[in-house]
Amino acid sequence: MVKKMRIENLCVNRLYGDVAGATTRGHKIAVKGGYIYQTFQGGYTLTPLGWSVVRKIENIIREEMNNIDGQEMLMPVVCGADLWKETGRYDSMDNIAKFKSRSGADYVICPTHEEVVTDYARSVIKSYRQMPFMVYQIQTKFRDELRVRAGLIRTREFIMKDGYSFHETQEDLEKYYKRCFDAYYKIYKRCGLKNVTDVMSATGDMGGKIAHEFQLINEMGEDTLYICDCGFRANKELEETDSSVCPKCGKQLNKVRGIEIGNIFQLGKKYTDSMHMTYTAEDGTEKTPTMGCYGIGVSRVMAAIIEESADDNGPIWNMATAPFTVEVIGLVDKENKTMPLAEKIYNDLKSEGIEVLLDARDNRAGEKFADADLIAAPIRLIVSTKNLANNQIEVKYRVNDHDTSDLPNTIDVNNYVDTIKDLISKLS
RNA sequence: CGGGGUGUAGCGCAGUCUGGUAGCGCGUUUGUCUGGGGGGCAAAAGGUCGCGGGUUCGAAUCCCGCCACUCCGACCA
């Protein structure tokens, strides 16, 4: 899936002026850069640019989930109401969108998939030998939230990675829970998120006893976190009692804002009990498995990256998440030497399997640079008469997870492919 | 769902109070000059002024109803 594109054909609308209704920096940039387009209140179209970022985040998540033995699958978005009535959540959850078919049957648009996955698992699992296992999916969810906020930070429709594990014992669940916990930190790091922490959280609609949220500490966050020097960390819902004192050590709690970018739960037997999922244990008796679930708001992660890493001109991706690896900009010259060379570099990089964007428009430099900042390819090549006079191509970097001070500012016009491949690996 | 706000050209807005033939900036198209951080000049295209009803000789403007969007709150990946 090698992506290459001329900028004028990229079906994305970058804005010049103000973005009406955007309250956070990240929301503004996401709209201004043309990553997202609001289709309705709480529902965004991911443009070719935004979707390519989301796909990269998804693939990072896939790799890390597969690394902890997760098995990817896909469940239906819409579900008959029966499964939800089995657990009682059809009536107890407020944000389920419900509708009736023409024949009058009740349906829900799944806000999460515990019921659906448990129904599947109980049809598959007969023996203790089949456990433990974890299945996950990356899929669109819909929650009829009362209020939306800040672009992709809080929407009604969103993309979520949801994983579900099944175990014989609480000990085994806890062991796996820890593996997943660690995998989450790897995911966020690979996505380029920096200020991530975990807090104990309330279990809410999901049920169970133990739950953790992964939070990006950021002023724009809608969650309030309480953090203590002794290591105690909790979110507001859990720690709403005497909010100023740590329940562990008695010291003063620090209050910070966070964007929730993941949530994991030790569910216990809430679903397996109510949905009568059993297996035959080693001793021959029928037993009920215990369960964990693991969510990441994928589209929200993209929003969180922009919220955390951006300058006044646009987002700052890393190599793993940027929509293009390299952008080649040809600056107009009278002799018409720069554009043919820009085209050649573009084609050469393309055939090397590098995701590359070409800006060879007959526009002024300022506009091209502004667009480049919004698209934010980590490596920017500028072909101009100025540097061509010395047989050089200028190179600029847009990353914040690597020191680029030792990297070259120009590249020899006769040997750019190897140099660029080397730069890509250095910045990855 | 409560309380505010807004709907006028692709985007951002003025005009509404005080009714009288639809405006500005940016973008788009054409020409031209320019050419390293969103440039200049000239011309052109583009609107049932959110929708429905009412008042009036005449409604973007006044009245009634509806819808959408948005901000703050309650709710949550």
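The chains referred to below are lettered A, B, ... by the order of the sequence lines, with proteins before strands, and numbering in each begins at 1. Here the structure is a predicted model, which is why all the values come from computation and not from measurement.
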d([atom1], [X]; [atom2], [N]) in whole Å:
X      : N      : atom1 : atom2 : result
A:R149 : B:rA74 : CZ    : C1'   : 15 Å
A:R14  : B:rG37 : CZ    : P     : 19 Å
A:E367 : B:rU28 : CD    : P     : 7 Å
A:D362 : B:rU29 : CG    : P     : 12 Å
A:K396 : B:rG37 : NZ    : P     : 10 Å
A:I57  : B:rA77 : CD1   : P     : 18 Å
A:Q139 : B:rA77 : CD    : P     : 17 Å
A:K32  : B:rG12 : NZ    : C1'   : 11 Å

Ionic contact status for A:D91 with A:K85, cut-off 4.0 Å:
no

Could you tell me whether A:K161 and A:E58 have a side-chain N and a carboxylate O separated by less than 4.0 Å?
no

Euclidean distance for [atom1], [N] against [M] (whole angstrom):
N      : M      : atom1 : value
B:rU8  : B:rG73 : P     : 26 Å
B:rG27 : B:rC71 : P     : 28 Å
B:rA68 : B:rC62 : C1'   : 23 Å
B:rC1  : B:rA60 : P     : 32 Å
B:rG23 : B:rA45 : P     : 13 Å
B:rC24 : B:rA44 : P     : 12 Å
B:rG12 : B:rC69 : C1'   : 16 Å
B:rC49 : B:rA22 : P     : 10 Å

Name the pairing partner of [N], where a pair is Watson-Crick or G-U wobble with both distances under 3.5 Å, or state none.
N      : answer
B:rA45 : none
B:rU6  : B:rA68
B:rG73 : B:rC1
B:rG27 : none
B:rC17 : none
B:rA22 : none

What's [X] touching, base or sugar-phosphate or nothing? Going by heavy atoms closer than 4.0 Å.
X      : result
A:T23  : sugar-phosphate
A:N387 : base
A:A370 : base
A:N13  : nothing
A:Q38  : sugar-phosphate
A:R380 : base
A:D144 : nothing
A:T155 : base
A:D373 : base
A:D162 : nothing

Knowing that exactly one of A:K186, A:R179, A:K178 qualifies, which makes a salt bridge (charged side-chain N to carboxylate O under 4.0 Å, His left out) with A:D182?
A:K178

Between [options], which one does the side chain of [X] approach most closely?
X      : options                : value
A:M160 : B:rG37, B:rG35, B:rA77 : B:rA77
A:R147 : B:rU70, B:rC72, B:rG35 : B:rC72
A:N313 : B:rG37, B:rC75, B:rC69 : B:rG37
A:L146 : B:rA77, B:rA74, B:rC69 : B:rA74

For B:rA77, take OP1 and OP2 only and decide whether either is under 4.0 Å from a side-chain N or O of A:N263.
yes

Is there a side-chain polar atom (N or O) of A:Q41 under 4.0 Å from OP1 or OP2 of B:rU70?
yes

Check: [X]/[Y] side-chain N/O donor and acceptor closer than 3.5 Å:
X      : Y      : value
A:R6   : A:N9   : no
A:K396 : A:N409 : no
A:Y416 : A:K421 : no
A:S201 : A:N235 : no
A:H27  : A:E307 : no
A:T87  : A:S274 : no

For A:G366 and for A:E260, find the nucleotide of RNA chain B with the closest heavy atom, then tell me which residue's nucleotide is more 5'.
A:G366

Of A:I153 and A:A22, the one whose closest RNA chain B nucleotide lies more 5'
A:A22

Is there a donor and acceptor pair closer than 3.5 Å between the side chain of A:K334 and the base of B:rG35?
yes

Whether the side chain of A:N363 and the base of B:rG35 hold a donor-acceptor pair under 3.5 Å is what I'd like checked.
no

